[in-house]
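Here's the structure, in structure tokens; my notes come after.
Residue numbers begin at 1 in each chain, while the letters A, B, ... track the order of the sequences.
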Amino acid sequence: MLKTILKPFAKLFEFQARTHYRVERHSMALTFGIIIAAAIGGFVEIAPLFTIDETVETDPDMRVYTPLEQAGRDIYIREGCYACHSQMIRTLRDEVERYGPYSLAVESKYDHPMLWGSKRTGPDLARLGDKYSDDWQVRHMVNPRDLVPQSVMPQYAFLLERELKTSDLSDRLGALRAVGVPYTDDMIANAANDAAGQAMPDSERSDGVWERYGDATAVRFFDGRPDRVTEMDAMVAYLQILGKLTDLPAKIQPAAEE
Amino acid sequence: MMSNLTGAERTSAMTITGFGALIGLIMAAVGHGDPMGVHGWIVLAFCGVLFFVVGNSLYDPQPTEDRAASYYDDPTKVGIILTLIWAVVGMAMGVWVASQLAWPDLRFDAAWSSFGRLRPVHTSGVIFGFGGNALIATSFHIMQRTCRARMPDQISPWFVLLGFNLFCIVAASGYLMGVTQSKEYAEPEWYADIWLVVVWVVYFVLYIRTLARRNEPHIYVANWYYLSFILVMAMLHIVNNLAVPASFTGAKSYSAFSGVQDAMTQWWYGHNAVAFFLTTGFLGMLYYFLPKRAERPIYSYRLSILSFWGIVFFYIWVGSHHLHYTALPHWVQTLGMTFSVMLLIPSWASAGNALMTLNGAWGKVRDDATLRFMMVAAVFYGLTTFEGSFLAIRPVNGLSHYTDWTIGHVHAGAMGWVALISFGAIYSVVPLLWKRETMYSWKAVEWHFWLALAGTVVYVFAMWNSGIIQGLMWRTYNETGTLRYSFVDSLVAMHPYYIARAFGGLLFLIGACIALWNVVMTIRHVPGRVPERDYPTSSEAMEPAVPAAE
């Protein structure tokens with residue numbers, strides 16, 4: 001029985017072994033063999049993702065990150081926060097109950113790169129936006145153990161002291177447009193101004209933020225300090241928008257009833 | 001070392017290092033005020049020092065020996081030392097970050113010393129610094145011996161080895177400054193990535209040229225594996241790192257892919273970095289050193305073929321099993337799972353092949369700690385690939401992903417398989433390279449073996465426990481149908497395991513320090529002995545090859 005089943009495979013392997021015996025005498029034949037064998041799988045799995053429509057849902061209301069939020073995202077990446085916090089709520093019951101509606105592909109459509117993570121030393125952050133106050137976020141960064149005594153998160157008090165570098169934000173938005181984020185010329189040209197305006201509600205620069213990114217954009221002293229724009233402003237602005245770029249997940253998955 | 005270079009080679013070495021120093025200077029100038037500028041100074045210092053070292057000996061007497069009569073081992077020697085230095089650095093970093101999770105205040109109030117910035121220094125230091133140097137050094141050794149031919153020139157091996165280490169230094173120093181593109185195992189930014197492509201192309205050309213000069217009709221098994229490592233890593237590296245820099249004067253860049261496509265590309269890369277960096281390369285090492293040390297031929301040539309093509313073809317499909325239950329389309333997840341399970345066959349073909357080779361040589365395994373390193377490495381390879389296929393199954397992955405179980409799994413592979421096979425290879429190659437009678441202390445090798453094994457076991461068991469406990473706590477419900485534990489509850493439960501992990505890592509680190517000490521003492525204090533027949537021979541002239549059982 002087993003022999004009958006294995007027979008065609010044995011024949012196939014016999015053929016492969018004989019072919020290989022010839023191939024291993026020619027380094028270039030081996031080279032091309034390896035390249036072809038290794039290319040097939042990647043091509044079959046990755047290429048369709050760019051063409052099949054169902055890969056990413058369409059959502060006309062999906063908004064882009066403001067320059068301040070993008071700067072915050074860059075700081076989040078710089079500090080390696082992704083090593084401990086994922087941003088992907090999976091389609092598992094306990095995750096949906098703990099964190100909220102599961103993540104959709106469209107939510108990370110403008111994330112270059114994605115930050116789905118592979119390890120949760122801390123909780124998932126995909127629905128962190130507006131969950132806590134700005135003040136909570138700032139204090140949590142300054143010393144996590146003040147708010148959660150058992151936390152093992154490093155403290156990031158220095159973010160409060162560092163002035164946010166805004167001069168290269170236009171370049172950054174420009175590069176993001178080059179990879180497919182729909183920033184307008186207007187947004188790119190005013191990036192530095194808008195970043196400052198979003199963290200300085202009293203200045204007239206804020207009007208431009210609403211004009212370009214919509215009335216719902218949060219404009220406030222994220223770090224609680226009116227005198228200057230710090231890296232903490234950017235970080236908190238970013239954390240407060242997580243899961244808020246679109247309300248599609250909440251629409252298609254109503255919250256679980258108890 | 002310099003005395004083995006001809007005048008022309010010294011001149012071209014000066015040209016290359018001078019050019020490198022110039023690039024460093026330009027980077028330092030345009031990247032002013034950005035981490036890229038700091039990297040410019042590092043490149044300048046690195047190339048500048050080499051420039052003066054070469055320049056200093058430019059007019060020294062030229063080598064007279066007939067080069068074709070010997071193998072070129074100088075870069076291998078330096079590579080072995082660098083391997084051990086990176087091992088100590090990378091593992092020390094690992095012990096530090098592991099301790100930070102147990103005791104979060106274990107850091108200075110500086111930006112660079114947080115877990116998020118040190119963690120990639122550990123991963124890259126161990127994978128690329130330790131693993132990469134071990135692969136490059138042993139590949140130089142193996143390709144010459146199995147081809148019975150000397151490397152075609154003396155500049156490109158140095159370019160590959162030192163260029164790769166420059167990449168590692170730029171990567172590690174970048175993480176401390178917060179330069180990262182956040183893709184796992186591919187954190188360095190665009191200019192480091194471009195540099196690595198240059199180094200890698202030279203590596204491939206060097207490999208192919210040596211193969212072209214071989215005095216053997218067939219290409220030896222180990223070389224198939226090393227060749228697949230070089231080729232596929234290039235493919236993965238280039239696609240995964242496609243990015244647009246924000247400006248040419250700064251380090252920041254943005255990935256060409258976003259969201260779900262980026263996740264798939266990243267795991268296609270990430271899992272195959274495991275396949276083609278941490279598996280096929282080290283299998284090449286295993287296929288050469290294990291039979292050599294056991295003085296037995298490989299158990300089955302057919303199994304080697306099956307394993308080789310199976311791994312090259314199957315592995316590339318399996319990255320998507322990291323994305324179960326995510327927004328990745330379901331069909332890709334299923335494909336990844338299916339191929340992961342099938343992958344067990346070629347993986348075990350190699351593990352079995354290695355262990356069967358030891359049949360009839362078990363007495364040697366008992367007496368020789370070097371061979372024991374390789375035997376245990378093969379066992380861990382078998383265990384880890386079994387665990388890998390198991391973890392790729394959807395519900396199991398749902399439990400293990402995002403927990404320490406995955407950390408335990410990769411460390412069973414990294415410590416038990418990659419590091420142990422490398423140490424075995426180092427201990428067999430060091431006396432041969434430096435033409436010494438033996439290692440300085442066999443007792444120290446024995447100590448290293450048991451420390452490494454104990455460290456791995458403590459580490460892996462701690463992480464299995466913590467990972468499964470954590471995963472189960474996350475999904476435990478009360479009778480009322482609500483979640484039983486908060487996230488913080490699960491975090492508190494991890495504390496004892498985090499301490500155990502740091503302890504296991506410390507044992508492993510001590511072993512690596514002993515290895516470095518032992519190798520240095522061997523070079524300095526052990527009397528010399530010229531090995532029999534360790535030089536290129538020609539099959540056409542009917543000279544016998546060095547037999548596998550030397």
> If you look at every heavy atom in B:Ser182 and A:Pro113, which pair is closest and at what distance?
Replying inline: OG-CG, 3.3 Å
>> Is there a side chain to side chain contact (heavy atoms under 4.5 Å, CB included) between B:Ile208 and A:Met28? Walk through the geometry before answering.
In response: CA-CA 8 Å; B:Ile208 283 290; A:Met28 284 327 276; 4.0 Å; yes
> How far apart are the closest heavy atoms of A:Ala38 and B:Val232, and which atoms are they?
Replying inline: CB-CG2, 3.8 Å
>> Using a 4.5 angstrom heavy-atom cutoff, name the option from B:Gly398, B:Gly270, B:Ser320 with the most pairs to chain A.
In response: B:Gly398
> Which one of A:Lys109, A:Met114, A:Glu95 has the most heavy-atom pairs closer than 4.5 Å to chain B?
Replying inline: A:Met114
>> Quick one: does any side-chain atom of B:His218 pair with a main-chain N or O of A:Glu24 as donor and acceptor, under 3.5 Å?
In response: no
> Does the pair A:Glu14 and B:Arg302 meet the rule for a salt bridge (charged side-chain N to carboxylate O under 4.0 Å, His left out), with working shown?
Replying inline: CA-CA 9 Å; A:Glu14 189 62 30; B:Arg302 287 285 174 99; 3.2 Å; yes
> When you look at CZ of A:Arg139, are more than 12 heavy atoms from neighbouring residues, nucleotides or ligands closer to it than 6.0 Å?
Replying inline: no
>> Would A:Tyr82 and B:Thr180 count as a side-chain hydrogen bond (donor to acceptor under 3.5 Å, both in side chains) here? Give the steps.
In response: CA-CA 11 Å; A:Tyr82 59 87; B:Thr180 169; 3.3 Å; yes
>> I need the contact set between residues 62-75 of chain A and chain B: heavy-atom distance under 4.5 Å, sorted by residue number.
In response: A:Gln70, A:Asp74
>> Quick check for you: among A:Val56, A:Val106, A:Ile89, A:Thr121, which has the greatest number of heavy-atom pairs under 4.5 Å with chain B?
In response: A:Thr121
> side chain to side chain contact (heavy atoms under 4.5 Å, CB included) between A:Leu30 and B:Ile219: does it pass, once the steps are laid out?
Replying inline: CA-CA 9 Å; A:Leu30 198 55; B:Ile219 299 171; 4.1 Å; yes
> Is the side chain of A:Glu79 donor-acceptor paired with the backbone N or O of B:Gly178 at a distance under 3.5 Å, no angle test?
Replying inline: no
> Do other residues, nucleotides or ligands put more than 12 heavy atoms under 6.0 Å from the CZ atom of A:Phe43?
Replying inline: no
> Should the pair A:Arg90 and B:Tyr402 be classed as cation-pi, given the thresholds of under 6.0 Å to the six-membered ring centre and 45° from the axis?
Replying inline: no
> Between atom CZ of B:Phe487 and atom OG of A:Ser151, what is the distance when rounded to the nearest 0.5 Å?
Replying inline: 10.0 Å
> Mind checking whether B:Tyr301 and A:Tyr21 have parallel, tilted or perpendicular rings, split at 30° and 60°?
Replying inline: perpendicular
>> If we check side chain to side chain donor-acceptor pair (under 3.5 Å) with A:Ser118, which of these qualifies: B:Gln266, B:Glu184, B:His322, B:His401?
In response: B:Glu184
> Counting only N and O atoms by type, is there a donor-acceptor contact under 3.5 Å from the side chain of A:Asp111 to the main-chain atoms of B:Ser258?
Replying inline: no
> Between A:Leu176, A:Asp124, A:Leu173, A:Ile36, which has the largest tally of heavy atom pairs under 4.5 Å with chain B?
Replying inline: A:Leu176
> Between A:Leu49 and B:Gln261, what is the shortest heavy-atom contact and its length?
Replying inline: O-NE2, 3.2 Å
> Given A:Ile77 and B:Gln181, is the side chain to side chain contact (heavy atoms under 4.5 Å, CB included) satisfied, shown in steps?
Replying inline: CA-CA 7 Å; A:Ile77 288 174; B:Gln181 55 177 5; over 6 Å; no
>> Is there a side chain to side chain contact (heavy atoms under 4.5 Å, CB included) between A:Arg98 and B:Trp474? Walk through the geometry before answering.
In response: CA-CA 9 Å; A:Arg98 177 168 278 123; B:Trp474 288 348; 3.6 Å; yes
> Pick from B:Val488, B:Ile305, B:Val244, B:Asp105: which one has the most heavy-atom pairs with chain A under 4.5 Å?
Replying inline: B:Ile305
>> Looking only at heavy atoms and a cut-off of under 4.5 Å, which of A:Gly80, A:Ala83, A:Ser103, A:Pro123 has the most pairs with chain B?
In response: A:Pro123
> Would you say the ring centroid of B:Tyr325 lies under 6.0 angstrom from that of A:Tyr102?
Replying inline: no
> Using a cut-off of under 4.5 Å for heavy-atom pairs, which of A:Thr31, A:Val181, A:Val148 has the most such pairs with chain B?
Replying inline: A:Thr31
> If every non-hydrogen atom of B:Trp317 is compared with every non-hydrogen atom of A:Gly41, which pair is closest and at what distance?
Replying inline: CE2-CA, 3.3 Å
> Looking only at heavy atoms, which two atoms of B:Trp331 and A:Val44 are closest? And how far apart?
Replying inline: CH2-O, 3.7 Å
> Taking all atoms of both residues into account, what is the closest heavy-atom pair of A:Lys165 and B:Gly33, and its distance?
Replying inline: NZ-O, 4.4 Å
> Is a side-chain N or O of A:His112 found less than 3.5 angstrom from the main chain of B:Ser255, in a donor-acceptor match?
Replying inline: yes
>> If we define contacts as heavy-atom pairs under 4.5 Å, which of A:Cys81, A:Gly117, A:Pro48 has the most with chain B?
In response: A:Gly117
> Just by modelled atom types, is the A:Arg93 backbone N or O under 3.5 Å from a matching donor or acceptor in the B:Arg475 side chain?
Replying inline: no
> Which one, B:Asp404, B:Val239, B:Asp34, B:Thr403, leads in non-hydrogen pairs under 4.5 Å with chain A?
Replying inline: B:Asp404
